[in-house]
Structures are given as structure tokens and as C-alpha cells.
Amino acid sequence: MAQTRAQPKENKCIHCGGTVAARAKFCTHCGQKLDSAALPITHLKLTETPIELKAKQQFQDQLQELLDLKKNPTQVNIDQAFQELNDLPEAPEFLAELLFKLLHHPYKPLREQAALVLIKSRSGKDQLLTLLGTAPDWIRSTIISVIGQARLTQAVPLLIGLAEKDSNPWLQQDIVYALGEIGDIQAFNFLMRLLTTSDQSLVQAAARSLKALGDPAAIQYLLPQLTSPSVETESIIFDALQSFGTRAAHQLIKLLADHKSPEKLKAKALMLLEKTPDPMATPILINLLAEANTLAQPIIKVMASWKLEEFIPVLEAIGNDRSRELRLLAQSALQQIKQKEKS
């Protein structure tokens, strides 16, 4: 026996969008007559109800008010206008024109909000990426920032190409920070090359972005920059290396074991090792203490931090050292190690 196709139990009214019985001839909500255009609930494209039209007009009015350059928008005004828009999966098409006008507003937080809504839709995203090549720098800066916040991985090659061609250092910095926010490994080689540039602001931005990427392969490129002439750059590089934790230990130990490594760089490496104990480095630290008097203090600090019993004989031997400062430092390290043994 042939099976009959199941008929839908519900339809949608094309006049008001209300749910009606499949066999209804008149809508129970608005009273309008239904015809063959009343489609099953899963296929109907709804017309706008009076409520929807009112909401649409409200959105338009709020954004239009923000376009008035005679008024200075506050963050409260912006939050109110974009509160519901930010919750939508993508920007409504009827607002696209207004949002692109807001993208040219002199107030950056307002530009960013508009771009954050636009980037949700495919058409808005494509137009923003197109503007990267044609818009003034202040608008491009906003778009780059929003691309980073949205973690738009498809834009990574475009951003790298733009950074390599554009000579504006501020725009280059924006791109480097955006690449760090996106966190895509495609940017690794580009960021690594920036570490050797003479522009310290770009070196700092690259270090921060490599930290955000979190790839341990960056450690070997970050280490040589610890001796940067810029105190700020050195601090940022140190922070980036510290973020890798124990993953940086192998490279740090390798640096300490290399006789060609500058002592200043070794001193920085020892400071990093204080919080990353690695038993493999124990013999290297002991030998280094015997060879390099200038590194004695940072080495003893590492020993005190690690609290390994293997360091006890070496530290006890420093009790005969001429330097009172070293003797006191060694005694303090011994006490910390012995206290750990007792506990």
C-alpha cells in the first residue's frame, strides 16, 4: 500500500506572520484571508509586521542621530544604539549604508562599533577588506583593529602584504597588534623578521604579538633581543619569554652552555630561569659559577629559587669567598634549601 505524504499541520500568515492551522482560510490573528501563498512554517519568508517596522525605524533613528556632527556622542549613547545590534548574528542589510557612514565618523570608538557590526555579514566583511586598500589611514586603522578583535584569519595575508608595502609606522604597528590578536601561525615568519628591524616600536609590537601566538619556536628569536639598547624593548622581550614558562628552559640552558654567548645575555637568561626549574641545568649552573665570577650573584639566586640539594656543597664553598655580599647571598640560599629539606 502506497504511503501518503504527510501534510504540514501549521502555516504562517503572510500578512502578520502569525502561526495558523494548515487548513485555515482566515488568519486567527489579523483576520486577513489566506490563499495558496500561506506556506508551511519552515519555508515562509515573513513580511514585516508593524512591530518589526517600528523596531527597524528605531534602529535607523538611533544611528542617524549619531551621524549628527553637531552633537558629541558619549559612550552611553553608543552603547544604547548598538546594544541590540551587537547581539545579532549579522548586520541587517537595511542598516548597512548608515553603518558605513558611521565608519567615517571622527570619533574612533563609534567607528569601531560600526565596523564590528559590519564585519559580521559576508558583504560587510568584503567591503571592509576592500576599504583597506583605498580608505584614509585613520579609517584603515579602525578596520585593522576590528579585524584583530574579530580574529579574521582570512585577512592575515592581506594584512601582512599591507604592512610590507605601507610606510606609515603607526599603521604597521596596528597591523602587528592585530596579527597577535588573530593568533594565526601564518603571521609567525613576518613577526619574527620584525624583531631585527631598527624601529623599536615595531620590535616591541612584534614581541607582544609573538607572545600572543604562544609558539615556542619564537623563543630562539626573542632571546638575542634581550640585550636591546632600549630598556622598554628589553622589558617587553623579557615578559614575552617569561610567558613561555618551562618551554623556554631548554633554549635558556643551551644559551648558558655556549661559551660564545655574551655575559649580559647569560645574566638575563639566569633571571628567566629563576622561575623555571630544570634539573638538566644543574651541572651547567655549578660549572658556570666556578668559571664566571661576574655571574655569581644571578646564579646563586637561581640556586636559592630551585632549592636543589645538589647546590649545597657549592654554596658552602662560597663561605670562604672574599666578597661579603656573595657570602651573605650564599648563606641565604643554603638556609632556603635546608628549610625545604626539613619540610
Side-chain angles (χ1 to χ4, degrees), residues 17 44-159 162 170-171 173-184 186-187 205 208-209 212-214:
L44 179 69
K45 183 178 180 180
L46 295 180
T47 56
E48 291 174 320
T49 65
I51 295 174
E52 289 171 330
L53 285 169
K54 185 178 179 181
K56 179 178 176 179
Q57 189 62 49
Q58 187 179 354
F59 278 139
Q60 290 173 323
D61 291 345
Q62 285 177 326
L63 295 184
Q64 191 67 51
E65 189 176 349
L66 290 173
L67 280 168
D68 188 353
L69 295 179
K70 293 179 182 178
K71 299 178 181 178
N72 292 323
T74 64
Q75 192 59 49
V76 175
N77 299 143
I78 297 170
D79 291 342
Q80 287 175 345
F82 283 91
Q83 186 175 7
E84 291 184 48
L85 285 176
N86 289 334
D87 293 334
L88 295 175
E90 63 177 59
E93 287 296 326
F94 68 86
L95 290 178
E97 186 179 349
L98 281 172
L99 289 167
F100 273 105
K101 285 182 179 178
L102 287 171
L103 192 60
H104 291 74
H105 198 280
Y107 190 45
K108 186 175 180 179
L110 184 50
R111 296 200 304 271
E112 284 190 353
Q113 279 291 349
L116 281 167
V117 175
L118 284 165
I119 207 167
K120 292 179 181 181
S121 67
R122 180 177 292 182
S123 59
K125 192 183 300 177
D126 292 342
Q127 289 181 69
L128 288 174
L129 292 178
T130 301
L131 282 172
L132 275 180
T134 58
D137 286 350
W138 55 282
I139 294 177
R140 290 199 291 171
S141 175
T142 301
I143 296 171
I144 290 164
S145 173
V146 168
I147 286 172
Q149 291 176 57
R151 296 187 176 181
L152 194 62
T153 54
Q154 71 183 74
V156 170
L158 182 63
L159 289 176
L162 185 62
W170 301 108
L171 207 63
Q173 279 186 62
D174 289 339
I175 291 170
V176 174
Y177 283 124
L179 290 171
E181 282 189 287
I182 295 169
D184 193 282
Q186 293 179 82
R208 288 190 171 111
S209 289
L213 255 63

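No experiment lies behind these values; they were computed from the predicted model shown.
Side-chain contact between Leu132 and Ile147 is present, with at least one heavy-atom pair separated by less than 4.5 Å. Between Leu63 and Leu85, some side-chain heavy-atom pair lies under the 4.5 Å cut-off.
Leu118 CG to Leu131 CG: the interatomic distance, rounded to the nearest 0.5 Å, is 9.5 Å. Annotation: the span from Leu159 atom CG to Ile182 atom CD1 amounts to 5.5 Å, rounded to 0.5 Å. Residue Leu179 holds its CG atom at 15.0 Å from CZ of Arg208, rounded to the nearest 0.5 Å.
Screening Ile175, Leu128, Val176 for a side chain to side chain contact (heavy atoms under 4.5 Å, CB included) involving Ile144 leaves a single residue, Ile175.
The shortest non-hydrogen separation linking Ser209 to Tyr177 is OG-CA, 3.7 Å. A pairwise comparison of heavy atoms in Ala212 and Gly180 identifies CB-O, 3.4 Å as the closest pair. When every heavy atom of Leu213 is checked against every heavy atom of Asp184, the shortest pair comes out as CD2-O, 3.9 Å.
With hydrogens and angles left out, the side-chain atoms of Gln57 and Asp61 include a donor and acceptor closer than 3.5 Å.
With sequence neighbours excluded, the residues satisfying side chain to side chain contact (heavy atoms under 4.5 Å, CB included) with Asp79 are Gln75. Every residue two or more places apart in sequence or in another chain was checked for a side chain to side chain contact (heavy atoms under 4.5 Å, CB included) with Thr130, and none qualifies.
Sorted by first and then second residue, the side-chain hydrogen bond (donor to acceptor under 3.5 Å, both in side chains) pairs with a member in residues 116-128 read Glu93-Ser123; sequence neighbours excluded. For residues 145-156, the set of pairs meeting the salt bridge (charged side-chain N to carboxylate O under 4.0 Å, His left out) definition, not counting sequence neighbours, is empty. Pairs engaging residues 136-148 under the side-chain hydrogen bond (donor to acceptor under 3.5 Å, both in side chains) rule: Arg111-Thr142, Glu112-Ser145, Asp137-Arg140, Asp137-Asn168, Arg140-Asp166, Ser141-Asp174, Ser145-Gln149 [sequence neighbours left out].
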Donor-acceptor pairs under 3.5 Å, side chain of residues 94-108 to any protein atom, not counting sequence neighbours: which ones?
from   : atom 1 : to     : atom 2 : distance (Å)
His104 : ND1    : Phe100 : O      : 3.0
His105 : ND1    : Tyr107 : N      : 3.0
His105 : NE2    : Leu66  : O      : 3.3

Leu129 vs Leu152, side-chain contact (heavy atoms from CB on, under 4.5 Å): CA-CA, chis, key distance, verdict: CA-CA 10 Å; Leu129 292 178; Leu152 194 62; 4.3 Å; yes
Working for side-chain contact (heavy atoms from CB on, under 4.5 Å), residues Asn77 and Gln62: CA-CA 9 Å; Asn77 299 143; Gln62 285 177 326; over 6 Å; no
